[in-house]
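Every chain is numbered from 1, with letters handed out A, B, ... down the list of sequences.
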Amino acid sequence: MDTDQLIRTLAADNPHRAPRVGAMLTMALLVAAPLSILIFATFLGVRPDVMTAMHNPFFDMKFAVTLSLAIPAIIVSLHLSRPEALMRGWGWLLLLPVGLLAVAIGSEAMMAPAMPMTMRLVGKNSRWCMLAIPAMSLPLLAGALFGLRHGAPSRPVLAGALAGLLSAGLAATLYASHCTDDSPLFVATWYTIATAVVTAIGAAVGSKALRY
Amino acid sequence: MTQSQETEFKALVLRSHYGDPAAYRTLLSRLAPRLRAYHKRKLTMAGRGVEEAEDLVQETLLAIHLKRHTYDPDALFTPWLHAIARYKLIDHLRRGRASVREVPIDEYHDLMAADDHVARECTRDMATLLDRLPTQMRLAIESVKLEGKTVSETATRYGMSESNVKISIHRGLKALAALIARRD
C-alpha cells in the first residue's frame, strides 16, 4: 500500500472519536475495583476495632499516605500518556507520600513509645501486608494498564511503573483499613516493599503492553 | 520550523477534529513529506538505509491517527507530532537491535526542516500486515484505500451497513497497529 492510500484510509476513519485517556483509565479502574474489593472482603475485611482506631491519628495517617501515593500517581500517569510529556516538574508529586511518612515517623518518635521500635517496625502483619497489597493490586494494575494503553506514552516502562504505583496506592488504601499495625515505621517498611514489587511488575508489563 | 507552519497545522487539526474530512486529508498529506524527510535524515544518521523510511512514515501516520485524542488542542501541535515521530523512529531502530544511543539528539525543529516528496511506491510491511487482518476489516480498508470508494459505496458493495464499514475500518487500523507493535 502506498502512503497516499494509507492517508485515504485514515481520512475515512476521521469521524471516529476516541474517549479521552482519563475517561478510559477511570472506566478500567472502576471495572477492576470490584475484584480487588472482593479479594479484600473474602480474605481480609475491615479490622473489628475500626471505630476506635479512627481516633488514632496514626491510623488515619495511613490513608493519607496511601492516597497521597495513588492520586498523584494517577495524575502523573495521565500526564505521561501524552507523547510529548516530560517528567520534569511532575516528579515531586510522587514524593508527597514520602514527605508525609517522614513527618509521621518524626512525630511518632517524639511521643512516648507504646511499643518497642522493633515491634512497631516488624508488626504482626508484615507477611500479610506483603501478600495482600500485591494481590489486591493486580486487578487494578491490569485495569490501569488497559486504560493507559489508550494513551501514547513515550516511555512505556515509566508509564507502566506509574500504573504499578497507582494500583499499589489504591490497594494499600484498602489494606490499611484491615491492618492493625498503625506505626508509620511499619507503613514505611512493608507498604513500601509491597509497592516496589507491584511497581516492578507494572514496569515489566508496561514495557510491552504500553508500546504503541 | 516557522511559526506559520505550526499555525497552519494546528488550524487543520482543529478543523479535522470538528469533522472536516478534507482538512484531515490535507493535514496528513502535508505531514507525510515532513515525516519522510525527518525519518530519512535520522535513518542516515543512524547508519541505516533510507529505504526503511517509507514504512516508518506509514507507521508514524497510523500512530498519529490512532493517538490523535492524546493531543491537547491548547498545546502546540509540533512537539506532539515530533514526539510520536521520534518514538516511532526509536522503536524502529530498537527492533533492528540498534541501541537507543544511536538515535541522534534532536529537537522538534528538526521535523520541520524539510519536505521530501519521493515516496517509494510499495512498502512491504503494511501490505503484508493488511493480508493478515480478518476478511471484513481487510475488505473495508481495501475498498476505501485502493479504489477510493466512499464509506457508503463500500457499504452498498458488500451489503454492509455504513456504521459497520466505519467500525471495520477503525478496528482494522487498530489491528494493523497492534500487528506492528507485536512484530519484532
Legend entry - For A:Tyr212, all residues meeting side-chain hydrogen bond (donor to acceptor under 3.5 Å, both in side chains), sequence neighbours excluded: none
Legend entry - Those residues of residues 10-17 of chain B, ordered by number, that approach chain A below 4.5 Å (heavy atom to heavy atom): B:Ser16, B:His17
Inset, instruction - Please report the closest heavy-atom contact between B:His65 and A:Asn14, naming both atoms and the distance. - result: CE1-N, 4.2 Å
Legend entry - Non-hydrogen atoms of A:Pro156 and B:Tyr87 that approach each other most closely: CG-OH, 3.9 Å
Legend entry - Least distance between heavy atoms, A:Pro83 atom then B:Thr70 atom: CD-OG1, 3.5 Å
Inset, instruction - Return the minimal non-hydrogen interatomic distance between B:His69 and A:Pro19, and the atom names on each side. - result: CD2-O, 3.7 Å
Legend entry - B:Leu28, part contacting chain A, at a heavy-atom distance under 4.5 Å: both
Inset, instruction - Against chain A, label B:Ala32 side chain, backbone, both or neither, depending on which of its atoms sit under 4.5 Å from a heavy atom there. - result: side chain
Inset, instruction - Find the one option among A:His16, A:Arg82, A:Arg155, A:Arg20 whose heavy-atom pairs under 4.5 Å with chain B are most numerous. - result: A:His16
Inset, instruction - Tell me, out of B:Leu130, B:Val57, B:Asp72, B:Val151, who's got the most heavy-atom pairs with chain A below 4.5 Å. - result: B:Asp72
Inset, instruction - Please list, in residue-number order, every residue in residues 163-172 of chain B that has a heavy atom less than 4.5 Å from any heavy atom of chain A; write 'none' if there are none. - result: B:Lys166, B:Ile169, B:His170
Legend entry - Shortest non-hydrogen contact between A:Ala12 and B:Val144, atoms and distance: CB-CG1, 3.5 Å
Inset, instruction - Only counting residues at least two apart or in another chain, list the ones meeting side-chain hydrogen bond (donor to acceptor under 3.5 Å, both in side chains) with A:Thr66. - result: A:Thr173
Legend entry - Distance-minimising heavy-atom pair for A:Glu84 and B:Trp80: OE1-CD1, 3.4 Å
